[in-house]
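Following: one structure in structure tokens, then a few remarks.
If you read the sequence from its start, that first residue is 1, and numbering goes on from there. Only a predicted model underlies this, so the values are computations on that prediction, with no experimental measurement involved. What's counted below: heavy atoms across the whole structure, side chains too, no hydrogens, waters or symmetry copies.
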Amino acid sequence: MKRFITFITTMALSTSIGLCGCAEDCRKTITAMETMTLTLQGMRFCNVYEITNEDGKAELRRYRKGYSNGADTLDLEASAVCDMSDFLALMNTCGVICWDGFHGKHPKNVKDGTMFDFRATVNDGQEILAHGSENFPKGYHEFVRALNQILTEHEDD
């Protein structure tokens, strides 16, 4: 957990300059989170990250989407529980509230890539919706790296 807090602090310093240039709505912060789903899909993979608020703790799960017996399946790959205040700090550091309404069109001449779909309910009912194909909002890559780091650190426990 100490590595996670250090990671968040480092990210906060490195992205704070970029967040200052956001529109006024993006200066708002996320103070509460109910649910969040992030789906990443490529040619040969589909990962689904689900985060829920369970009694003040952020429960993070990563599923691998598959296909079996004629139906889609979600197989749990990893899970972790972390402090909700740390998770909210991560969301704010990565500027997740600024993602609302993002539609990243697939760039011309790119034949492959990763698509994402992001949905979150925060701040007592505010929805954040974003999606794209090989085109991502600011802070996206840092956010996904942090999710994977949380899951990796939990495996060491």
Ile30 and Asn123, any side-chain heavy atoms less than 4.5 Å apart: yes
Trace of the side-chain contact (heavy atoms from CB on, under 4.5 Å) decision for Thr35 with Thr37: CA-CA 7 Å; Thr35 62; Thr37 304; 5.8 Å; no
Atom pair NZ (Lys105) and NE2 (His103), whose distance is rounded to the nearest 0.5 Å: 5.5 Å
Leu147 side chain near Leu38 side chain, heavy-atom distance below 4.5 Å: yes
ring-ring contact (aromatic ring centres under 6.0 Å, His included) partners of Phe136, counting only residues at least two apart: Phe116, Tyr140, His141
Leu129 side chain reached by Asp100 side chain, heavy atoms, under 4.5 Å: yes
Straight-line distance of His131 NE2 to Met115 CE, nearest 0.5 Å: 11.0 Å
Atom of Leu151, atom of Ala80 and distance for their closest heavy-atom approach: CD2-N, 3.9 Å
Min side-chain heavy-atom separation Ile128-Met36 under 4.5 Å: no
Heavy-atom pair with the smallest gap, counting every atom of Ala58 and Phe87: CB-CB, 3.9 Å
Donor-acceptor pairs under 3.5 Å, side chain of residues 44-53 to any protein atom, not counting sequence neighbours: which ones?
{"from": "Tyr49", "atom 1": "OH", "to": "Asn148", "atom 2": "OD1", "distance (Å)": "2.7"}
{"from": "Tyr49", "atom 1": "OH", "to": "Asn148", "atom 2": "ND2", "distance (Å)": "3.3"}
{"from": "Thr52", "atom 1": "OG1", "to": "Glu54", "atom 2": "OE2", "distance (Å)": "3.4"}
{"from": "Asn53", "atom 1": "OD1", "to": "Gly56", "atom 2": "N", "distance (Å)": "3.2"}
{"from": "Asn53", "atom 1": "ND2", "to": "Met33", "atom 2": "O", "distance (Å)": "3.1"}

Euclidean distance, Thr29 OG1 relative to Leu88 CG, rounded to 0.5 Å: 9.0 Å
Ile97 and Gln126: CA distance, side-chain angles, deciding distance, side-chain contact (heavy atoms from CB on, under 4.5 Å) verdict: CA-CA 10 Å; Ile97 204 160; Gln126 178 184 353; 3.9 Å; yes
Closest contact, heavy atoms only, Ser133 versus Pro107: O-CD, 3.5 Å
N/O donor-acceptor pair under 3.5 Å between Glu34 side chain and Gly125 backbone: yes
Thr73 to Ser68 - nearest heavy-atom pair and separation: CG2-CB, 3.9 Å
Cluster link Val144 to Leu90, ILVMFWY, side chain under 4.5 Å: yes
Same cluster (ILVMFWY, side-chain, under 4.5 Å), Val122 and Met84: yes
Side-chain (Glu134) to main-chain (Thr114) donor-acceptor, under 3.5 angstrom: yes
Taking every non-hydrogen atom, the tightest pair across Trp99 and Pro137: CD1-CB, 3.5 Å
Neighbour count above 12 (heavy atom, 6.0 Å) for Asp124 CG: no
